[in-house]
*Asks:* 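Can you keep this structure in mind? I'll have questions shortly.
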Amino acid sequence: MKINVMQDVLQANDRIAEENRQLFLKNRNLVLNLMSSPGAGKTSLLEKTAEKLAGKLRLGVVVGDLETTRDADRLSKFNIPAIQLTTGSACHLDANMVASALPHMQLDKIDILVVENVGNLVCPAEFIVGEDYKIMILSVTEGDEKPLKYPLMFHESALMLINKIDLVQYTNFNMGEARANARKINPNIDIIEISCTKGTGLDEWIAWLVKHHQKKLGELSHA
Amino acid sequence: MHEMGIAQNILEISVEAARKEGASKVIRINLIAGELRGIVPMQLTFCFGIVAKDTMADGAYLDVEEVPVAGHCKNCNSDFSVEEYEYVCPKCGSPNIELTGGTELRIKDIEIE
């Protein structure tokens, strides 16, 4: 006997993501799901962001890492609340894992919550966790063709940060190609070129954060 | 390896739907997977075989119907298939398009006994 099911496979995840989202709304958090391949600079970006936002906006981080607490250790030096989710062999964070971290955070004392996903260009793009925006980092050492190889992540992201631009002269990374490839997949994607080690472009990134935080507050006051 | 998590979800939804019908066995599951989901059918069926072991869906055939990426142009109202992830209207060149296919990941129906 054949029966119609017509159910989204990830509906269990999406339901929990919606619960997370309601909690974030209540606490007036702008929530970003930060994705990239391993070593592209997610934790470095957050270190610099914590430094630059200090005294302006309160940052909080939920970080997914396979086996260690190294990322959370790096971030705790900046006096920001950082919760480490040790994901074991999981290749991405899902809504349920993020939900498990939230009771350990004082969300009402956070303006911007960044969920630092597991380093991987495929799986994290599949699972919403309750975020306002997905954002991603592509580093120049990875190659300018990556948007074409991993289209979902580039398609889902509101912002692409191109990191390590201070190293571009040592690579065959073509900035124009990278931008064109990303825009082909996602015409509306914002692109900011940065170097976490040299500090290039970070003011523009902070301005992006401030703008989207204000936008979120504006939406909340109209809701 | 997001296939393993997806396989687990497919199993849970199918078993629940079959139980509701009072079935004792799931024989076949028809899945719709959009191209943008990046599902590797061979990997997914392999993972499904593992998670379904010793459940009522043990040995069930998982069919993965792949759906190409499709778009609708909000500027000229034409519908088209998106080739090579080129998200612009092939007719008028507008980037003002919405996706109408390619992101779905849904269990269409199942066969039970």
Side-chain angles (χ1 to χ4, degrees), chain A residues 1-17 35 64 66 87-97 117-129 134 145-157 177 179-189, chain B residues 1-23 25-40 44 48 64 69 71 82-89 93-97 99 102-113:
Chain A
M1 182 171 79
K2 191 184 250 188
I3 54 172
N4 276 328
V5 181
M6 278 304 181
Q7 270 189 35
D8 278 334
V9 170
L10 296 178
Q11 63 171 6
N13 180 76
D14 296 353
R15 207 180 301 128
I16 300 169
M35 310 175 293
L66 298 184
T87 54
S89 59
C91 49
H92 60 272
L93 292 181
D94 62 27
N96 197 37
M97 283 189 251
N117 223 306
V118 180
N120 177 341
L121 284 181
V122 184
C123 315
E126 292 272 340
F127 297 83
I128 55 170
V129 298
K134 288 187 171 72
E145 83 293 7
K146 285 297 170 290
L148 305 178
K149 282 193 174 166
Y150 304 94
L152 184 64
M153 184 161 294
F154 290 85
H155 184 258
E156 295 286 309
S157 295
E177 277 289 309
R179 298 178 77 105
N181 286 340
R183 287 250 157 84
K184 198 170 113 175
I185 284 162
N186 181 353
N188 300 318
I189 196 167
Chain B
M1 272 302 281
H2 60 312
E3 274 81 4
M4 194 53 106
I6 289 168
Q8 186 66 42
N9 280 299
I10 292 171
L11 176 70
E12 281 164 20
I13 294 169
S14 308
V15 166
E16 199 192 310
R19 275 222 185 93
K20 266 190 202 152
E21 298 290 326
K25 208 165 164 41
V26 178
I27 301 164
R28 182 190 173 102
I29 298 167
N30 293 316
L31 182 83
I32 303 173
E35 190 189 332
L36 274 171
R37 289 288 180 168
I39 299 282
V40 183
L44 184 61
F48 181 77
V64 183
V69 186
V82 176
E83 309 285 346
E84 302 271 308
Y85 306 116
E86 191 101 44
Y87 289 94
V88 290
C89 174
S94 167
N96 190 14
I97 67 166
L99 285 188
T103 60
E104 48 280 270
L105 185 59
R106 200 181 308 131
I107 297 178
K108 192 163 75 177
D109 49 45
I110 61 175
E111 279 172 40
I112 54 174
E113 65 176 26

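Proteins get letters first, then strands, A, B, ... in listed order; numbering begins at 1 in each.
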*Asks:* Working note: A/K134 + A/I128, criterion side-chain contact (heavy atoms from CB on, under 4.5 Å); need CA distance, chi angles, decisive distance, verdict.
*Replies:* CA-CA 9 Å; A/K134 288 187 171 72; A/I128 55 170; 3.4 Å; yes

*Asks:* Should A/M1 and B/E111 count as side-chain neighbours, where that means a heavy-atom distance under 4.5 Å?
*Replies:* no

*Asks:* At a heavy-atom distance under 4.5 Å, which candidate from B/I110, B/V88, B/I97 has the highest pair count against chain A?
*Replies:* B/I110

*Asks:* Select one option (side chain, backbone, both, neither) describing which atoms of B/I27 are under 4.5 Å from chain A's heavy atoms.
*Replies:* neither

*Asks:* Who wins among A/N186, A/N181, A/V9 for the most heavy-atom pairs under 4.5 Å with chain B?
*Replies:* A/V9

*Asks:* Heavy-atom pairs under 4.5 Å with chain A: which of B/I13, B/N9, B/L31 has the most?
*Replies:* B/I13

*Asks:* Which bit of A/V122 comes within less than 4.5 Å of chain B, counting heavy atoms only: side chain, backbone, both or neither?
*Replies:* side chain

*Asks:* Does some side-chain heavy atom of A/E126 sit less than 4.5 Å from a side-chain heavy atom of A/D94?
*Replies:* no

*Asks:* Which residues pass the side-chain hydrogen bond (donor to acceptor under 3.5 Å, both in side chains) test with B/R28, sequence neighbours left out?
*Replies:* B/N30

*Asks:* Relative to chain B, which of A/N188, A/D8, A/N4 shows the most heavy atom pairs under 4.5 Å?
*Replies:* A/D8

*Asks:* Holding to side-chain hydrogen bond (donor to acceptor under 3.5 Å, both in side chains), I want the full list of residues that pass it with B/E12, two or more places apart in sequence or in another chain.
*Replies:* B/Q8

*Asks:* Is there a side-chain contact between B/E3 and B/V40 (heavy atoms, below 4.5 Å)?
*Replies:* yes

*Asks:* Which side-chain N or O atoms in residues 14-22 of chain B pair as donor and acceptor under 3.5 Å with protein atoms at least two apart or in another chain?
*Replies:*
unit_1 : atom_1 : unit_2 : atom_2 : d
B/S14  : OG     : B/I10  : O      : 2.7

*Asks:* Below 4.5 Å, heavy atoms only, C-beta onward: do A/L93 and A/F127 meet side chain to side chain?
*Replies:* no

*Asks:* What I'd like to find out is whether the side chain of A/S157 reaches to under 4.5 Å of the side chain of A/M35, using heavy atoms alone.
*Replies:* yes

*Asks:* Which residues in residues 148-156 of chain A have a heavy atom less than 4.5 Å from any heavy atom of chain B?
*Replies:* A/L148, A/P151, A/L152, A/H155

